[in-house]
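To start, the structure under review is shown below, and the notes come after it.
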Amino acid sequence: MDDRQFRNAMGKFATGVTVVAAEVDGRVHGMTANAFMSVSLNPKLVVVSIAEKAQMLEKIKQSWAFSVNILAANQQDLSMIFAGQVKNNQEVAFDHLDGVPVVPNALAQISCKVSATHEEGDHTLFIGKVTDIQVNDSEPLIYYSGKYRSLAED
Ligand code: FAD
């Protein structure tokens, strides 16, 4: 099985899109991620999977805290910026939730402290203990088969 076949198969899993954010020495670093899921209700835990080559890996290890921001349909531009798909020379402004940087107007802002890490293959799983949540009501950004989508109208 080659990498392309694996990627194609994984791309058939339609997901939302998140931006993971962490702050080190007053500088916020954001990264687009869809390898995100809820892990446990009691205690409230989530997980994100970060590539070993991603700068975000060291940022989370240094700050030991991160946020997961579920993007709204009108935030595709932010997804592209934080995936490095478009060049952006301007700092993006972040709000803070429980001391952790969060993306303004995201569908959900979830602040976490690192509870555990697990290295597997070329990624590290960060289990986050959820410390606070802010939810907004609008439509989600969807990612499927390597393309951005939106939910179809009824
Ligand atoms: P960089 O590549 O250096 O940064 C990413 C971009 O964000 C750069 O252009 C940088 O300028 C910009 N940026 C960062 N902080 C700021 C700021 N404060 N203000 C303005 N711009 C800023 N990778 C994974 O490891 N796990 C995943 O689950 C995952 N899911 C993905 C899902 C989708 C839909 C897409 C498109 C990509 C996904 N990726 C995932 C790939 C990942 O987003 C990219 O490889 C990303 O470039 C890695 O970021 P980095 O931390 O290495 O930092």
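Whatever order the structure lists ligands and atoms in, that order sets their numbers, starting from 1.
Residue D3 qualifies as open at atom CG: its count of foreign heavy atoms under 6.0 Å is 12 or below.
Annotation: T32 places an N or O atom under 3.5 Å from an N or O atom of ligand 1; distance criterion only. At a 3.5 angstrom cut-off on N or O pairs, Q55 counts as close to ligand 1. Distances between N or O atoms of A54 and those of ligand 1 include no value under 3.5 Å. Residue F94 has no nitrogen or oxygen atom sitting less than 3.5 Å from a nitrogen or oxygen atom of ligand 1, judged on distance alone. Every N/O-N/O distance between V86 and ligand 1 stays at or above 3.5 Å. Residue G30 has at least one N or O atom closer than 3.5 Å to an N or O atom of ligand 1.
Looking at H29, E52, M56, it is H29 that brings a heavy atom closest to atom 53 (O) of ligand 1. Of the options A33, A21, G11, A93, the smallest heavy-atom separation from atom 27 (C) of ligand 1 is shown by A33. Closest heavy-atom approach to atom 5 (C) of ligand 1 among the candidates F36, F82, Y143: F82. For atom 46 (C) of ligand 1, the candidate residues are H123, K53, M31; the nearest heavy-atom contact is made by M31. Comparing heavy-atom distances from atom 37 (C) of ligand 1 across A83, A51, A22 singles out A83 as nearest.
Note that NZ of K12 and OH of Y144 are 4.5 Å apart. Values are rounded to the nearest 0.5 Å. Note that CD of Q76 and OG1 of T32 are 10.5 Å apart. Values are rounded to the nearest 0.5 Å. In this structure, the separation between CZ on F126 and CD on E119 is 8.5 Å, given to the nearest 0.5 Å.
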Applying side-chain contact (heavy atoms from CB on, under 4.5 Å) to I70 and T18, what does each step give before you reach the verdict?
CA-CA 4 Å; I70 300 174; T18 79; 4.2 Å; yes

Given Q134 and V102, is the side-chain contact (heavy atoms from CB on, under 4.5 Å) satisfied, shown in steps?
CA-CA 10 Å; Q134 178 81 44; V102 290; over 6 Å; no

Just do the side-chain contact (heavy atoms from CB on, under 4.5 Å) check on L107 and S138 with the steps written out, would you?
CA-CA 7 Å; L107 267 192; S138 65; 3.2 Å; yes

Dump the intermediate steps for side-chain contact (heavy atoms from CB on, under 4.5 Å) on Y148 and M80, then the final yes or no.
CA-CA 10 Å; Y148 294 102; M80 295 180 77; 3.9 Å; yes

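Below 4.0 Å from some heavy atom of A35 lie the following atoms of ligand 1, by number and element: 28 (O). The Y148 neighbourhood of ligand 1 comprises atoms 36 (C), with distances under 4.0 Å to a heavy atom of that residue. In summary, the atoms of ligand 1 found under 4.0 Å from a heavy atom of N88, numbered by their order in the structure, are 20 (C), 21 (N). Of all the atoms in ligand 1, the ones that sit under 4.0 Å from a non-hydrogen atom of I50 are 25 (O). Applying the 4.0 Å criterion to heavy atoms of G84 picks out, from ligand 1, the atoms 6 (C), 9 (O). The distance from ligand 1 to the heavy atoms of V28 drops below 4.0 Å at these ligand atoms: 15 (N), 17 (C), 18 (N).
By the criterion of a heavy-atom distance under 4.0 Å, the backbone of S49, and not its side chain, is placed next to ligand 1. Within the 4.0 Å heavy-atom criterion, the part of Q90 lying near ligand 1 is the backbone and not the side chain. Contacts between Y144 and ligand 1, counted as non-hydrogen atom pairs separated by less than 4.0 Å, are absent for every part of the residue.
Taking a distance limit of 4.0 Å, we find that atom 10 (C) of ligand 1 is approached by no protein heavy atom. In this structure, atom 2 (O) of ligand 1 has no protein heavy-atom contact shorter than 4.0 Å. Put simply, atom 19 (N) of ligand 1 has protein non-hydrogen atoms near it, under 4.0 Å away.
Side-chain heavy atoms closer than 4.5 Å link hydrophobic residues (I, L, V, M, F, W, Y) into clusters, and following such links, possibly through other members, connects Y143 to V86. V100 and M31 fall into different hydrophobic clusters, where Ile, Leu, Val, Met, Phe, Trp and Tyr residues are linked whenever their side-chain heavy atoms come under 4.5 Å apart, directly or through other members.
At least one heavy atom of Q85 sits less than 4.0 Å from an atom of ligand 1.
With hydrogens and angles disregarded, no donor-acceptor distance shorter than 3.5 Å links the side chain of N34 to the backbone of T15. Listed for the S111 side chain is a donor-acceptor partner under 3.5 Å among the backbone atoms of D132. Put simply, the side chain of S63 never gets that close to the backbone of V24: no donor and acceptor are under 3.5 Å apart.
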